[in-house]
Amino acid sequence: MKPKIIDGKATANTIKAEITAEVLKMIETGVKTPHLAAILVGNDPASETYVSSKSKSCHEVGFISSLYKENENISEKELLKLIDFMNNDEDIDGFIVQLPLPKHINTQKVMDAISPLKDIDGFHPVNLGRMLMNNPSYLPATPYGIMLLLERYGIETEGKNCVVLGRSNIVGTPMSVLLSRNANPGNCTVTLCHSKTKNIKEICAQADILVVAIGKPEFVTADMVKNGAVVIDVGIHRVDSSTTKSGFKLIGDVKYDEVAPKCSFITPVPGGVGPMTIAALLLNTLKAAKKEFSF
Ligand code: GUN
């Protein structure tokens, strides 16, 4: 089977162009420019990369972006004070606190302190609860980006057997909720697999739609995939390579070369889910700027 490659980069670019057009309209009508702020604590290189690519994307669509870079040793109290400032600053439409946070800070306490109306990551319990109940809310960016890919590629989800690998708060768990909600895309029969799951290979092989967010390079092999399945790969790992100039390459949680020929649709790594996460975050920021929610 020749799979259709789900081009996340192209879809994200289309969404960014749509957002840019909206921003221009907002500016023309005297509405203020959307503003996304980010708090980055410490100097974790991966977090620095994520935050700078979010900021770059903001500028591409005409948003204002600001970065609050804090020392690794910031106290929890100081961080909560900064969040309180951002919650009340009318110029900031939405903000994120880049994770992970240093160990001396209680991440849940920090997430709880963010105003749900400015929580464009969709990590606050109010947003997560509203998502669970199929009420309008900010959706976590990676699952939201995947739902947009399913929608824009016209992939039928209703009544499908869907298997999600990984139960993180950021990806696997919200993904399982979104796919099982009574919505379109949605209405799947979902199985959520995790580290204690037995017969994971057999369960994966039953999936019409397989979402892999397990964080293990090339974990999913061809024998785990049904013919004609849709495979969404959330993983991204940098590994050494003798075949590239840079000396490294990016791979996913799926062994792409052997799995792709069995699929109807598959996301590549890079260029699949990654760019859509940022596009989804931009869409959440636009919703925040338009004050779409009033809970
Ligand atoms: N760290 C890894 N992914 C994310 C994300 O989506 N949002 C935030 N705030 N931190 C992260």
Side-chain angles (χ1 to χ4, degrees), residues 8 12 15 35-58 63 65-70 72 74 76 79-80 82-83 86-87 92-103 105-128 131 137-149 166-175 177-178 211-216 232-238 250 252-253 269-270 272-288:
I15 291 170
H35 178 176
L36 179 154
I39 302 177
L40 175 62
V41 180
N43 1 316
D44 173 51
S47 291
E48 282 184 342
T49 307
Y50 288 141
V51 167
S52 77
S53 91
K54 285 168 193 170
S55 145
K56 184 170 152 261
S57 299
C58 277
F63 288 178
S65 93
S66 53
L67 174 62
Y68 292 72
K69 209 167 177 317
E70 301 301 326
E72 167 89 20
I74 188 174
E76 188 179 279
L79 184 56
L80 292 172
L82 177 57
I83 289 170
M86 289 178 143
N87 284 339
I92 295 173
D93 295 299
F95 65 98
I96 61 162
V97 179
Q98 185 64 33
L99 303 178
L101 289 168
K103 287 199 173 57
I105 293 173
N106 180 334
T107 301
Q108 193 55 54
K109 208 165 163 185
V110 169
M111 294 296 110
D112 290 354
I114 298 171
S115 161
L117 292 169
K118 292 195 177 186
D119 169 39
I120 50 176
D121 257 332
F123 295 167
H124 188 281
V126 166
N127 280 308
L128 291 169
M131 174 185 71
S137 67
Y138 296 113
L139 301 177
T142 300
Y144 182 21
I146 294 170
M147 297 304 276
L148 290 167
L149 282 178
R167 60 174 159 189
S168 72
N169 289 339
I170 292 180
V171 185
T173 297
M175 195 70 239
V177 170
L178 289 174
V211 180
V212 192
I214 201 168
K216 293 184 180 166
I232 309 288
D233 188 353
V234 182
I236 185 149
H237 312 274
R238 194 175 147 143
L250 296 172
D253 287 354
V269 176
V273 172
M276 288 302 292
T277 296
I278 298 215
L281 185 70
L282 296 174
L283 281 174
N284 278 346
T285 309
L286 188 63
K287 287 177 207 257

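Residue indices begin at 1 and follow the sequence shown. Read the numbers this way: they start at 1 and go in the same order the structure lists the ligands and their atoms.
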Spatial distance of atom CD1 (Ile232) from atom CE (Met175) [nearest 0.5 Å] =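 Those atoms lie 7.5 Å apart.
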At a non-hydrogen distance cut-off of under 4.0 Å, which region of Val97 contacts ligand 1 (side chain, backbone, both, or neither)?
-> backbone
For [X], does the [atom1] atom have more than 12 heavy-atom neighbours from other residues, nucleotides or ligands under 6.0 Å away?
X	atom1	answer
Lys69	NZ	yes
Asn169	CG	no
Tyr68	OH	yes

So between Ile96, Asp121, Thr277, whose heavy atom ends up nearest atom 9 (N) of ligand 1?
-> Asp121
Considering only the protein, which heavy-atom contact is closest to atom 3 (N) of ligand 1, and what is its distance?
-> Ile170 CD1, 4.2 Å
Identify, with sequence neighbours excluded, every residue that meets side chain to side chain contact (heavy atoms under 4.5 Å, CB included) alongside Ile83.
->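 Ile39, Leu79, Asn87, Phe95, Val97, Val110, Ala113, Ile114.
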Judging by distance only, is a nitrogen or oxygen of Leu99 under 3.5 angstrom from one on ligand 1?
-> yes
Do Gln98 and ligand 1 have an N or O pair less than 3.5 Å apart?
-> yes
